[in-house]
Amino acid sequence: MSPWAKASLIMGILGLTVMPLIGGILAIVFARKARKQILTTDFEGMGLVTAGRTLGIISLVLVALGVYVVLNKEGLKDFIHEFFDWGTLKFSFPRLARGFLVTLELAFVSEIFILIFGLLIALLRISRVKFFRFVAAVYIDVVRGLPLILQIFIIYFGLSYLGFNFSRFVAGVVALTVCYAAYEAEIFRAGIESIHKGQMEAARSLGMTYLQSMRFVILPQAVRRVIPPLSNEFIMLTKDTALVAFIGLSEIFLAGKEIMGKKFLVAPLVGVGFFFLLVTIPAMRLVQYMEKRLARTD
Amino acid sequence: MPEQTENSAQAAGEKGVGGWSPDTPIVSIVNLHKKFGDVEALKGIDLDVMPKQVVVVVGPSGSGKSTMLRCINGLENATRGNVFIEGTDITHKATDINKVREKVGMVFQSFNLFPHLTALKNVTLAPLKVKGIDQDEASGKGRALLEKVGLSDKADAYPAHLSGGQQQRVSIARALAMDPDIMLFDEVTSALDPELVSEVLDTMKDLAREGMTMVVVTHEMGFAKEVGSRLIFMDEGVVVEDGDPEQVFTDPQHPRTQEFFSKILSHI
């Protein structure tokens with residue numbers, strides 16, 4: 001392995017800590033030398049080179065940022081005030097929290113209907129009756145081919161012209177269900193089809209009907225497999241509830257936008273982002289954990 | 001297909017639906033054809049299985065053995081011809097295939113145990129859901145069946161924690177739990193490590209001794225000789241030879257049978 005690779009990594013680390021500018025430059029220079037050597041020999045140590053060069057670049061970027069801040073103190077102050085003004089954040093917090101409860105309620109209520117409706121569509125999609133398969137396929141294609149915001153507007157305004165007067169919350173639940181059920185149906189279908197056909201044959205050979213076999217043999221296995229992708233969809237859904245703000249539901253995004261309009265600052269929206277990350281990041285980690293566990297037990 | 005309905009109605013009339021008695025065939029296959037796309041897997045099979053017979057079906061791969069077996073419990077639908085189980089034509093549209101399957105147990109090459117259920121629950125699922133018996137009765141019977149196949153200590157184990165031989169014995173117990181009159185075995189030892197084959201064959205031998213009617217597709221010639229009451233040799237979708245196992249082994253009549261046995265028996 002080339003000694004330059006190690007040197008590059010060490011310089012990268014130094015560049016980030018005690019000698020910013022010089023360490024960063026040296027890390028990049030050494031990485032170039034190491035790369036040339038490695039490419040002509042054994043390819044070993046490529047990871048070290050990449051790490052060294054990346055650290056070097058980060059070091060230089062930080063130096064550049066530092067220089068900019070020193071030369072432009074006013075700009076930095078404006079930036080912090082615009083995005084992170086503490087007074088505004090504090091003022092926004094209770095309203096955003098109330099809005100976020102609406103957001104979570106919308107997401108959870110919708111998800112219950114989505115799971116039921118999505119599974120139903122998946123079962124139609126794999127039905128032996130051609131007509132059912134056709135209806136499900138058309139539904140999935142149309143819904144997946146349209147923007148969610150359009151579906152929300154059509155369901156809220158369109159149906160009210162037809163005489164159905166949904167509240168904003170109910171319209172939101174209906175629109176999100178219509179949309180996400182199509183995606184989750186495809187996930188359910190993939191899960192069901194991933195179960196070996198011998199399982200269905202074994203169940204049927206014991207005298208169980210198709211529906212009994214589905215319910216007691218296929219679905220328990222399929223559902224377990226699709227929990228991670230379904231959870232990912234749920235995270236997406238939680239974020240997409242913000243679109244329901246456009247028909248006037250006072251969830252967290254609309255609450256943040258209203259405060260922004262009064263204060264002429266972006267800080268309330270940063271607060272909105274904070275609330276979302278509070279839920280979505282742990283949820284994403286949880287999904288990763290579940291995926292790892294499922295991979296081990298399969 | 002109007003022709004088929006006519007035929008089956010006629011045949012059903014002759015046999016008399018439900019008029020099955022111990023000295024009439026328990027399985028009766030009449031002119032069975034099966035096509036997969038353009039490939040004709042079965043080209044007219046006629047076969048009667050009498051009660052308590054152990055019919056061993058051998059033949060080269062692709063000869064249609066498994067397809068024929070799967071037509072007996074309706075896992076494959078016949079393209080033409082009829083299959084009667086205890087007098088009921090399962091190729092007839094009005095037949096409730098689920099009712100017939102309760103009487104026809106099947107064991108698969110790849111076990112197909114339900115991986116999310118324990119051994120005991122694998123055995124009790126169908127009796128609980130299909131026959132509607134209560135939990136205690138099902139568990140009692142399930143444990144008895146697991147003991148019969150020598151796995152009473154594995155009742156609460158999941159399939160993933162059982163060896164191949166153990167899994168296959170659980171799946172035999174699972175099929176027996178429905179009190180079938182006929183058992184179908186589809187190359188049940190082919191996926192097993194050599195040292196695990198005998199425990200499965202022993203379980204099948206016990207079953208044969210108890211008088212179970214069995215149709216066994218296998219490559220185990222020793223089993224055919226010892227337990228089989230009848231040997232069928234199939235090739236290219238037809239039954240080529242049908243007779244007493246000892247006689248077919250020692251004195252095969254058809255050249256294709258002779259060729260097959262000379263190839264496989266030479267290295268035993």
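Atom set for the values below is all heavy atoms of this structure, side chains included, hydrogens, waters and symmetry mates excluded.
By the side chain to side chain donor-acceptor pair (under 3.5 Å) test, B/His33 pairs with B/Asn31, B/Glu40, sequence neighbours left out. With sequence neighbours excluded, the residues that form a side-chain contact (heavy atoms from CB on, under 4.5 Å) with A/Thr54 are A/Thr50, A/Ile58. Remark: B/Asp96 pairs with no residue by the salt bridge (Lys or Arg N to Asp or Glu O under 4.0 Å) rule, at least two apart or across chains.
To the nearest 0.5 Å, the span separating CZ on A/Phe216 from NZ on B/Lys121 amounts to 13.0 Å. Rounded to the nearest 0.5 Å, atoms CZ (B/Phe114) and CD1 (A/Ile195) are 12.0 Å apart.
In this structure, the side chains of B/Val130 and A/Gln212 come closer than 4.5 Å at one or more pairs of heavy atoms. Residues B/Phe108 and A/Ser205 have side chains in contact (heavy-atom distance under 4.5 Å, counting atoms from C-beta outward).
In terms of modelled atom types and a separation under 3.5 Å, the side chain of A/Glu201 and the main chain of B/Leu75 share no donor-acceptor contact. Not one N or O on the side chain of A/His196 forms a donor-acceptor pair closer than 3.5 Å with the backbone of B/Asn112.
A 6.0 Å sphere centred on CZ of A/Phe132 holds no more than 12 heavy atoms belonging to other residues, nucleotides or ligands. No more than 12 heavy atoms of other residues, nucleotides or ligands sit less than 6.0 Å from atom CZ of A/Arg215. More than 12 heavy atoms of other residues, nucleotides or ligands shown are found within 6.0 angstrom of CZ on A/Phe153.
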ask   = Hey, mind stepping through B/Arg174 and A/Leu206 against side-chain contact (heavy atoms from CB on, under 4.5 Å) and telling me if it holds?
value = CA-CA 8 Å; B/Arg174 178 176 69 177; A/Leu206 290 165; 3.7 Å; yes

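Within residues 62-73 of chain B, the residues approaching chain A closer than 4.5 Å by heavy atoms are, in numerical order, B/Arg70, B/Asn73.
Note on B/Leu184, B/Val100, B/Leu125: by heavy-atom pairs under 4.5 Å with chain A, the leading option is B/Leu125. By number of non-hydrogen pairs under 4.5 angstrom with chain A, the leading residue of B/Arg101, B/Glu102, B/Met178 is B/Arg101.
Looking at A/Gln199, the atoms closer than 4.5 Å to chain B (heavy atoms on both sides) sit in the backbone and in the side chain alike.
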